[in-house]
Protein chains: 2
Amino acid sequence: MAQKPSIPKGTRDFGPIEMARRNYIFDTIRGVFGKYGYSPIETPAMENLSTLLGKYGEEGDKLLFKVLNSGDAFSGISPEMLSNSNSLSLKVCEKGLRYDLTVPFARFVVQHQSEIVFPFKRYQIQPVWRADRPQKGRYREFYQCDVDVVGSNSLINELELVQIVDDVFSKLGIRVQVKINNRKILTGIAEVIGRPEKLIDITVAIDKIDKIGLDAVKDELREKSLTDAEISMIEPVLILSGTTAEKIEKMRELLASSSVGLTGVEEVARLFSLIAGSSPSCEVELDLSLARGLNYYTGAIFEVKALDTQMGSICGGGRYDDLTGIFGLKGVSGVGISFGADRIYDVLSALDKFPETAVNGTKVLFTNLGDSAVNFSLPIVSQLRRAGVSVELYPDETKLKKQFDYADKKGIKWLAIVGDSEVAESKVSLKNLISGEQKLLSANDLVQELVSAL
Amino acid sequence: MAQKPSIPKGTRDFGPIEMARRNYIFDTIRGVFGKYGYSPIETPAMENLSTLLGKYGEEGDKLLFKVLNSGDAFSGISPEMLSNSNSLSLKVCEKGLRYDLTVPFARFVVQHQSEIVFPFKRYQIQPVWRADRPQKGRYREFYQCDVDVVGSNSLINELELVQIVDDVFSKLGIRVQVKINNRKILTGIAEVIGRPEKLIDITVAIDKIDKIGLDAVKDELREKSLTDAEISMIEPVLILSGTTAEKIEKMRELLASSSVGLTGVEEVARLFSLIAGSSPSCEVELDLSLARGLNYYTGAIFEVKALDTQMGSICGGGRYDDLTGIFGLKGVSGVGISFGADRIYDVLSALDKFPETAVNGTKVLFTNLGDSAVNFSLPIVSQLRRAGVSVELYPDETKLKKQFDYADKKGIKWLAIVGDSEVAESKVSLKNLISGEQKLLSANDLVQELVSAL
C-alpha cells in the first residue's frame with residue numbers, strides 16, 4: 001500500500017491531547033450527573049432498522065447508516081428488485097447505526113421496563129452516526145451526552161436539570177445563559193388567536209425574532225395566512241419585556257382563555273420560583289420565542305448558550321410526554337437535556353479554558369543511560385507509581401538529547417537523570433524542565449518532592 | 001408497535017449496575033495505564049474497507065460488518081452483478097465496522113506519524129464488531145482494551161507490561177499467572193531440527209500439550225511428517241522443567257546452533273531478570289509451549305490466566321516487529337497486550353470480587369412529602385451535593401411507602417425524611433436503611449454525618 005491510509009470522511013481520530021481534553025469534559029459532566037443520582041447506561045451501536053426507521057422523519061431515515069446483513073446478503077435478490085434502491089437496501093440491511101441516544105433510550109425503557117426502577121434517571125455518553133454531508137463542525141460520527149429522567153411529572157426534575165447545567169458549566173468555567181420556554185404556552189398562543197392548526201408556523205416564525213427582527217416575523221406570519229388581527233394578538237408576546245414575574249403576569253392575561261396555555265404559564269411560574277430558590281450562578285431567562293424541538297417536546301423547553309462566544313447553543317432539551325409510546329408503552333413522561341460535547345470543546349478551546357491538568361500525562365521521565373542506571377532506577381520508578389505519580393522510564397538507551405526532546409514534546413515537567421555518578425552516590429538528579437532548576441536527591445526525597453508537587 | 005422492541009442478536013444493553021461494574025474495571029485499568037505514561041486515543045467506529053480487508057485472513061474478512069454507502073447505494077448496479085454477492089457488497093459498501101483495535105492503531109500510527117512522539121505509548125478502550133455466530137460469552141459487539149508501545153525495541157517495555165498486568169489484577173483482587181514465551185525460541189526449535197518450514201505445525205502441536213498430553217503431541221507431530229529423530233529433538237523442550245534459570249540454561253544448549261533461537265533465549269533471560277528485580281506479586285512462568293497469535297508476534301508472547309477460576313485467558317499479547325508495514329511504514333517495532341473486559345467481568349462476578357463501592361450510586365434519598373417540605377429540603381440537598389455527596393430528592397409527592405421502595409430497589413443506604421414536624425423544627429430525620437437506626441439532625445449535622453460516612 002503506497003498511499004497513506006485515511007479514515008472515512010466526516011469521522012475523526014482523537015489523539016492523546018484531544019482525548020485528555022474530551023475526558024476532562026466528560027468526567028466533569030459525569031461527576032455532576034452522579035451527584036444528582038443519575039446512572040449511566042449503554043446501548044449497542046447497531047439497532048434493528050425497525051427500531052430506527054420512521055422516528056426521525058423522512059430526512060432522518062435517509063441519514064441512517066445501514067449495516068449489510070452478514071453472510072450471503074444478496075441471495076434471493078432478483079434483478080427486478082434493483083429498480084427500487086430503497087426497498088433493496090432494507091432487504092439486505094436489517095440493522096442500522098444509532099442516530100441519536102433518545103430513540104435507543106426509549107427502546108431500552110420499554111424493553112427493560114420490568115427491571116427498571118421508576119422514576120428512572122439515566123445518562124448516556126456514546127457516539128452516534130449520521131450520513132450528513134460533512135462540513136465544519138458537523139461530523140458523521142460524534143458523541144452525544146444525554147441525561148433524562150422518565151416516569152415522573154414533577155417540575156423538580158426540570159429544576160434539577162437547570163442545576164446540573166449550572167454546576168457543569170460553573171465547573172468548566174463557561175459563563176452561560178439558560179433560556180426556558182414551555183410548549184404549552186406556544187400551544188396556548190395558537191389557541192387564543194383561534195388558529196391552533198397554525199402552531200408550527202407561528203412558532204417557526206417567532207423563533208426567528210432574534211435573527212430577523214419583529215417586522216420580518218410579522219411578514220412571515222402574514223405569508224402563513226395569519227390575519228393582521230391575529231398577528232396583533234401575537235405581538236404582545238413578541239415584545240414582552242420586564243422581569244420574569246412581569247412576563248408571567250402578562251402571559252396569564254393574554255392566555256386567560258386557553259386552559260393549556262394557563263397550565264404552561266403556571267408550570268413556568270413554579271419552575272422559576274424553584275430556580276430562584278436554588279440561587280443559580282448562571283442567568284436563567286424566560287424566552288417565549290424559544291421553540292426548539294417543537295414536534296417532540298410537550299412541556300418545558302431548554303436551551304443553553306455560552307455568553308462569551310458566538311458558538312450558539314451548547315446544550316438543550318425539554319419535556320416529552322410520550323417518548324416510549326412509539327414502542328408501545330404509553331403514559332411515561334420524561335424530561336432531559338443533551339450536552340453538545342463538540343461545541344463545548346470548541347468553546348473551551350476558544351476561551352482557552354482547558355486546565356493544564358486536563359492534559360493529565362506523565363509527570364516525570366527517568367532517563368535511560370545504560371543497564372546499571374536502569375537497574376538502579378526501576379525500584380524508584382515503581383515506588384513513585386505506587387505513590388500515585390505517573391512516571392516513564394525512557395525504554396531505549398540513547399543520547400540524552402533525544403530523551404530530553406521526548407520529555408519536551410510530551411510536555412513532561414520533570415526529568416530524573418540517572419547516570420554513573422548518580423548510581424555511585426545512590427542519588428537522582430531531578431531537573432525541572434520549566435524552571436531549569438536541578439537538584440541531587442535521595443530516592444526518598446525524590447518521591448516526597450514529586451508527590452508534594454502533584 | 002405491539003411487539004416489545006429488541007436489539008440485534010449478539011449485542012447487549014448495559015444497565016446501571018453493569019455499567020458501574022464495567023466502569024470499575026475500566027477505571028482501574030486506565031488508572032494503571034496512566035501511571036506508566038500510556039495515553040488514550042480513539043479511532044472512528046467505521047474504517048474504510050480497504051483498511052480492514054485482508055488483515056484478518058479470509059475468515060476475518062467474512063466477519064466484517066459492512067456499512068452501506070449513503071445516498072443511492074445501488075445506482076449503476078447491473079443485474080449481472082447480482083451473481084457475485086461478494087463483489088457486489090464491496091461495490092455498495094466502502095466502509096466497515098472496526099474488527100479489532102490493532103489494525104486501526106497501525107493505521108493511526110502511519111496516518112499521524114509526523115505528529116506522534118515516538119516511542120508512542122497508547123491505550124485504547126473501545127467496542128469492536130464481529131459478525132460471528134453469537135453464543136455464550138461471544139458477542140457481536142464487545143469492548144477491547146489494548147495497551148501498546150511502538151517505536152522501541154527495549155525489553156523494558158515488556159517488563160512494564162508485566163508490571164501493568166500485575167498492578168491491574170492486584171487492584172482488582174484477581175490472582176493471576178503470567179505465562180511468557182518468545183517466538184524466536186519457537187523459530188529456533190524448528191531450525192535446530194532442520195525443519196524451519198514446519199514452524200507452524202510444531203507450535204500448533206506443542207501448544208496443545210496441557211490439554212492432550214505428551215504422547216498425543218508426538219502423534220500429531222508424526223502426522224505432520226516429522227521423523228522420530230526430529231521428534232526426539234523436540235521432546236526435551238516439551239518435558240522441560242525446573243526453575244526459569246534451569247529452563248533457560250537447557251534451552252541455551254538445545255538451541256546452540258540457531259542464532260535466532262539463542263537471541264530468543266537471551267531476550268527471555270534478560271526479561272526474567274528484569275521481572276525478578278521488580279518483585280511482582282503475581283506468578284510469572286516461562287512456558288515454551290505458549291504459541292498464541294503466532295503468525296503475528298515476532299518476540300515476546302504473553303498470556304494471563306486467572307488462578308481461581310476456569311475462565312481461560314483473560315489477557316494476552318506480545319511483540320510484533322512489523323505492525324505498520326501493512327500501511328507502508330516499515331521497521332517500527334511494537335509490543336502490547338489486550339485485556340479481555342468481558343472475561344474479567346465474569347471472573348470478578350464468579351469470585352464475588354466487585355467492591356460495594358463499584359455500584360457508586362445515590363447515597364441518600366430525600367423524601368417528597370409536599371411543597372413546603374421540598375422547599376425546606378432543596379437547599380440542604382444542594383449543600384450535600386456541593387460537599388460531594390450523591391443525593392436524590394424524590395421528585396413526586398407520593399406515599400412514603402413508594403419512596404421507601406424506590407430507595408430500597410436502588411440500594412440507597414440513607415433516607416432523609418422531611419415531613420411537617422421536621423420542617424417545624426428545622427430538622428431532618430435521617431434513617432439508615434440497613435441498620436434501621438434513625439436520628440433527628442440539623443442540616444449542618446446531617447451534612448457532617450453523611451460526608452464522614454462516604
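All figures in this text were calculated on a predicted structure; none of them were measured in a lab. Below, chain A is the first sequence line, B the second, and so on; all start at residue 1.
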**Message:** Report which part of B:V67 has an atom under 4.5 Å of a heavy atom belonging to chain A: side chain, backbone, both, or neither.
**Reply:** both

**Asked** For B:V32, is it the side chain, the backbone, both, or neither that has a heavy atom closer than 4.5 Å to a heavy atom of chain A?
**Response** neither

**Message:** So, taking the atom named CG in A:L82 and the one named CZ in B:F74, what distance separates them when rounded to the nearest 0.5 Å?
**Reply:** 8.0 Å

**Message:** Between B:E115 and chain A, with a heavy-atom cut-off of 4.5 Å, which part of the residue counts as in contact: side chain, backbone, both or neither?
**Reply:** neither

**Complete:** Output for pair (B:K4 NZ, A:F327 CZ), nearest 0.5 Å, gives 13.5 Å

**Prompt:** Taking non-hydrogen atoms and a cut-off under 4.5 angstrom, which of residues 151-160 of chain B neighbour chain A?
**Reply:** B:G151, B:S152, B:N153, B:S154, B:I156, B:N157, B:L159, B:E160

**Item:** Validation row: B:Y36, A:S390 side chains within 4.5 angstrom (heavy atoms)
**Value:** no

**Complete:** The interface call for B:D167 against chain A, heavy-atom contacts under 4.5 Å, is neither

**Message:** Which one wins on heavy-atom pair count under 4.5 Å against chain B: A:I412, A:L88, A:L378?
**Reply:** A:L88

**Message:** Does any backbone or side-chain atom of A:N69 lie under 4.5 Å from a heavy atom of chain B? Answer side chain, backbone, both or neither.
**Reply:** neither

**Prompt:** Relative to chain B, which segment of A:S85 carries a heavy atom at a distance below 4.5 Å: side chain, backbone, both, or neither?
**Reply:** both

**Message:** Which atoms of B:R12 are under 4.5 Å from chain A, going by heavy atoms: the side chain, the backbone, both sets, or neither?
**Reply:** backbone

**Request:** Show your reasoning for whether salt bridge (Lys or Arg N to Asp or Glu O under 4.0 Å) applies to B:D13 and A:R107.
**Result:** CA-CA 10 Å; B:D13 284 325; A:R107 194 265 311 143; 2.6 Å; yes

**Prompt:** So which part of B:S6 gets closer than 4.5 Å to some heavy atom of chain A, the side chain, the backbone, both or neither?
**Reply:** both

**Item:** Atom group of B:I7 that falls short of 4.5 Å from chain A, counting heavy atoms
**Value:** both

**Message:** What part of B:N86 gets within 4.5 angstrom of chain A, counting heavy atoms only: side chain, backbone, both, or neither?
**Reply:** neither

**Asked** Where does B:D405 contact chain A at under 4.5 Å (heavy atoms): side chain, backbone, both or neither?
**Response** neither

**Message:** So which residue, A:M81, A:E47, A:Q111, ends up with the most heavy-atom pairs under 4.5 Å with chain B?
**Reply:** A:Q111

**Prompt:** When you check the side-chain N and O atoms of B:Y38 and A:E392, is any donor under 3.5 Å from an acceptor?
**Reply:** no

**Fill in**
Applying a strict 4.5 Å limit to non-hydrogen atoms, the region of A:Q113 in contact with chain B is side chain

**Asked** Do B:T43 and A:T11 touch side chain to side chain, with heavy atoms closer than 4.5 Å?
**Response** no

**Fill in**
Ranked by heavy-atom pairs below 4.5 Å to chain A, first place among B:G31, B:P104, B:G388 goes to B:G388

**Asked** Which heavy-atom pair separates B:G15 from A:F108 by the least distance, and what is that distance?
**Response** CA-CZ, 4.0 Å

**Complete:** Bottom line for A:V149: the part with an atom under 4.5 Å from chain B's heavy atoms is neither

**Asked** Do you know which of A:S89, A:A73, A:P379 has the most heavy-atom pairs with chain B at a distance under 4.5 angstrom?
**Response** A:S89

**Message:** Between B:E80 and chain A, with a heavy-atom cut-off of 4.5 Å, which part of the residue counts as in contact: side chain, backbone, both or neither?
**Reply:** neither

**Asked** From B:K95 NZ over to A:W129 CH2, what is the distance, rounded to the nearest 0.5 angstrom?
**Response** 13.5 Å

**Item:** Approximate separation, where rounding is to 0.5 Å, of B:S39 OG and A:M19 CE
**Value:** 10.0 Å

**Request:** Can you tell which part of B:I116 gets under 4.5 Å to a heavy atom of chain A, answering side chain, backbone, both or neither?
**Result:** neither

**Request:** Identify which part of B:F118 has an atom lying under 4.5 Å from any heavy atom of chain A, answering side chain, backbone, both or neither.
**Result:** backbone

**Request:** Check whether B:V92 gets within reach of chain A through its side chain, its backbone, both or neither, counting any heavy atom under 4.5 Å.
**Result:** side chain

**Message:** Would you compute the distance between atom CG of A:L97 and atom CG of B:L97 and round it to the nearest 0.5 angstrom?
**Reply:** 5.5 Å

**Asked** Can you find a heavy atom in the side chain of B:V117 that is under 4.5 Å from one in the side chain of A:Y406?
**Response** yes

**Message:** Ignoring hydrogens, what is the shortest heavy-atom contact between A:T362 and B:G37? Give both atom names and the distance.
**Reply:** OG1-CA, 3.2 Å

**Under 3.5 Å: donor-acceptor pair, side chain of B:E141, backbone of A:A45** = yes

**Asked** Between A:S273 and chain B, which part of the residue has a heavy atom less than 4.5 Å away: side chain, backbone, both or neither?
**Response** neither

**Message:** Is A:L63 close to chain B through its backbone or its side chain, or both, or neither, when contacts mean heavy atoms under 4.5 Å?
**Reply:** neither

**Asked** What option among A:A131, A:P79, A:P40 has the most heavy-atom pairs under 4.5 Å with chain B?
**Response** A:P40

**Asked** Can you tell if the side chain of A:R270 reaches within under 4.5 Å of the side chain of B:D371, non-hydrogen atoms only?
**Response** yes

**Prompt:** Under a 4.5 Å heavy-atom cut-off, does chain A meet the side chain of B:P8, its backbone, both or neither?
**Reply:** both

**Heavy-atom pair of closest approach, residues B:Q163 and A:R385** = OE1-NH1, 3.9 Å

**Prompt:** Which one, A:R122, A:K409, A:K121, leads in non-hydrogen pairs under 4.5 Å with chain B?
**Reply:** A:K121

**Atom pair OG (B:S70) and CZ (A:R130), whose distance is rounded to the nearest 0.5 Å** = 14.0 Å

